[in-house]
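Note sheet for the following structure.
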Amino acid sequence: MNLNYKTEKYAEWAKAGLITFERKLVYETAFDGVVKIYSLRTNNPNLNSKLDGKYFGDFIHYAENGIFLRMFKNKKSWPKTRLIYIDFRNYKFTIIKKTSSSYAYWKSTDLGNGKHLFEIKPTEKIEYEVE
């Protein structure tokens with residue numbers, strides 16, 4: 001576990017259409033740092049203003065016009081997190097589910113026709129349809 005996150009640098013993480021996401025490690029927690037907490041930025045200034053001051057996990061799931069992410073209330077709030085959707089058409093954040101899931105690795109499935117399934121712990125699944 002890193003105790004001095006100020007030395008961390010942004011590195012490319014994901015691409016969604018024309019948007020490139022970079023992330024920087026800002027905190028580690030749980031079982032010997034298994035859960036990583038990141039700051040995000042993109043090549044899109046409109047989206048960056050929405051991402052500023054927010055913290056995210058490793059989870060990402062792509063949709064046709066946006067992405068789903070695991071967002072933390074603050075960098076030390078694990079396991080309290082939110083499954084969110086960011087719509088790239090208007091840069092709107094939608095909170096789909098607030099949870100205290102300590103399950104480190106969420107799984108996702110694109111069901112087609114704008115429907116998505118998320119397993120946020122072995123006993124909890126969420127189905128969500130993007131409008």
Side-chain angles (χ1 to χ4, degrees):
M1 262 175 61
N2 180 3
L3 299 176
N4 182 8
Y5 301 99
K6 293 180 190 241
T7 61
E8 295 291 329
K9 306 258 188 256
Y10 279 96
E12 188 172 310
W13 177 46
K15 288 189 179 208
L18 299 175
I19 298 175
T20 300
F21 283 84
E22 295 180 325
R23 69 182 182 180
K24 177 174 78 166
L25 183 66
V26 295
Y27 195 70
E28 298 165 276
T29 191
F31 315 101
D32 294 329
V34 168
V35 175
K36 310 288 187 204
I37 314 291
Y38 300 95
S39 287
L40 298 181
R41 71 180 184 190
T42 71
N43 59 336
N44 182 302
N46 294 321
L47 187 52
N48 282 344
S49 66
K50 302 268 186 162
L51 294 170
D52 190 39
K54 293 181 174 61
Y55 301 98
F56 301 88
D58 285 314
F59 177 79
I60 187 169
H61 176 77
Y62 300 92
E64 186 175 338
N65 293 307
I67 59 168
F68 294 90
L69 298 170
R70 182 177 192 171
M71 186 173 80
F72 294 88
K73 186 175 181 179
N74 61 59
K75 64 183 175 183
K76 295 184 179 181
S77 68
W78 180 86
K80 294 180 182 174
T81 60
R82 296 172 169 113
L83 172 62
I84 67 158
Y85 176 70
I86 302 174
D87 190 324
F88 292 152
R89 296 169 291 190
N90 56 17
Y91 307 111
K92 181 181 175 190
F93 281 50
T94 301
I95 297 172
I96 298 165
K97 173 80 175 181
K98 292 180 183 180
T99 181
S100 290
S101 170
S102 62
Y103 196 53
Y105 303 104
W106 290 2
K107 298 176 185 173
S108 58
T109 305
D110 185 335
L111 301 174
N113 297 322
K115 294 181 182 177
H116 303 268
L117 182 67
F118 305 94
E119 182 179 337
I120 63 170
K121 57 185 173 181
T123 59
E124 186 173 1
K125 294 181 181 180
I126 301 163
E127 190 171 317
Y128 184 79
E129 185 173 355
V130 176
E131 297 175 4

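Just so you know, these numbers come straight off a predicted model, no measurement behind them.
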**OP:** Could you list all the salt bridge (charged side-chain N to carboxylate O under 4.0 Å, His left out) pairs where at least one residue sits in residues 86-96, not counting sequence neighbours?
**Re:** D87-R89

Subject >> Atom pair NZ/NZ of K121 and K107 - distance to nearest 0.5 Å >> reply: 15.0 Å

Original post:
Does R41 have any salt bridge (charged side-chain N to carboxylate O under 4.0 Å, His left out) partners at least two apart in sequence or in another chain, and if so, which?
Top reply: E22

**OP:** Tell me, please, which residues at least two apart from Y85 pass ring pair (Phe, Tyr, Trp, His ring centres under 6.0 Å).
**Re:** F68

**OP:** Check the pair L25, Y5 against side chain to side chain contact (heavy atoms under 4.5 Å, CB included), reporting the backbone distance first and the verdict last.
**Re:** CA-CA 7 Å; L25 183 66; Y5 301 99; 4.0 Å; yes

Can you give the donor-acceptor pairs under 3.5 Å from side chains of residues 93-105 to other protein atoms, not counting sequence neighbours?
from : atom 1 : to   : atom 2 : distance (Å)
K97  : NZ     : E124 : OE2    : 3.2
T99  : OG1    : S101 : N      : 3.0
S101 : OG     : Y103 : N      : 3.3
S101 : OG     : I120 : O      : 2.4

**OP:** Could you note down all residue pairs passing salt bridge (charged side-chain N to carboxylate O under 4.0 Å, His left out) where residues 60-79 supplies at least one of them, sequence neighbours left out?
**Re:** none

**OP:** To the nearest 0.5 angstrom, please state how far the CZ atom of F72 sits from the CD1 atom of I84.
**Re:** 11.5 Å

Subject >> Point-to-point distance, once rounded to the nearest 0.5 Å, from OG of S77 to CD1 of I37 >> reply: 6.5 Å

**OP:** For the residue pair W78 and K80, establish whether any side-chain heavy-atom pair is separated by less than 4.5 Å.
**Re:** no

Original post:
Is a salt bridge present between K24 and E8, judged by a nitrogen-to-oxygen distance below 4.0 Å?
Top reply: no

Subject >> Residues in ring pair (Phe, Tyr, Trp, His ring centres under 6.0 Å) contact with W106, at least two apart in sequence or another chain >> reply: F59

Original post:
Listed by chain and number, what are the salt bridge (charged side-chain N to carboxylate O under 4.0 Å, His left out) partners of D58, not counting sequence neighbours?
Top reply: R23

**OP:** Answer whether the closest heavy-atom distance between the side chains of I67 and F88 falls below 4.5 Å.
**Re:** yes

Please tabulate, for side-chain N and O atoms in residues 109-116, each donor-acceptor pair with protein atoms closer than 3.5 Å (sequence neighbours left out).
from : atom 1 : to   : atom 2 : distance (Å)
D110 : OD1    : G112 : N      : 2.8
H116 : ND1    : H61  : NE2    : 2.8

Subject >> Any side-chain heavy-atom pair of Y55 and Y38 under 4.5 Å >> reply: no

Original post:
When hydrophobic residues are tied together by side-chain contacts of less than 4.5 Å, even through go-betweens, does I19 share a cluster with Y62?
Top reply: yes

**OP:** Determine, using the 4.5 Å side-chain heavy-atom cutoff (strictly less than), whether F118 and L69 are members of one ILVMFWY cluster.
**Re:** no

Original post:
With sequence neighbours left out, what residues match E119 under salt bridge (charged side-chain N to carboxylate O under 4.0 Å, His left out)?
Top reply: none

**OP:** Starting from the C-alpha separation in whole Å, work towards a yes-or-no answer on side chain to side chain contact (heavy atoms under 4.5 Å, CB included) for V35 and E28.
**Re:** CA-CA 6 Å; V35 175; E28 298 165 276; over 6 Å; no

Original post:
If you draw a 6.0 Å radius around CD in E131, do more than 12 non-hydrogen atoms from other residues or ligands fall strictly inside?
Top reply: no

Identify each donor-acceptor pair in which a side-chain atom of residues 42-51 lies under 3.5 Å from a protein atom, sequence neighbours left out, and give them as a table.
from : atom 1 : to  : atom 2 : distance (Å)
T42  : OG1    : N44 : N      : 2.9
T42  : OG1    : N44 : O      : 3.1
T42  : OG1    : N48 : OD1    : 3.0
N43  : OD1    : T20 : N      : 2.9
N43  : ND2    : L18 : O      : 3.1
N44  : OD1    : N46 : N      : 2.9
N44  : OD1    : L47 : N      : 2.9
N44  : ND2    : Y91 : OH     : 2.8
N48  : OD1    : T42 : N      : 2.6
N48  : ND2    : T42 : O      : 2.9
S49  : OG     : N46 : O      : 2.8

**OP:** Write out all pairs satisfying ring-ring contact (aromatic ring centres under 6.0 Å, His included) with one or both partners inside residues 6-25, taking only residues at least two apart or from two chains.
**Re:** none

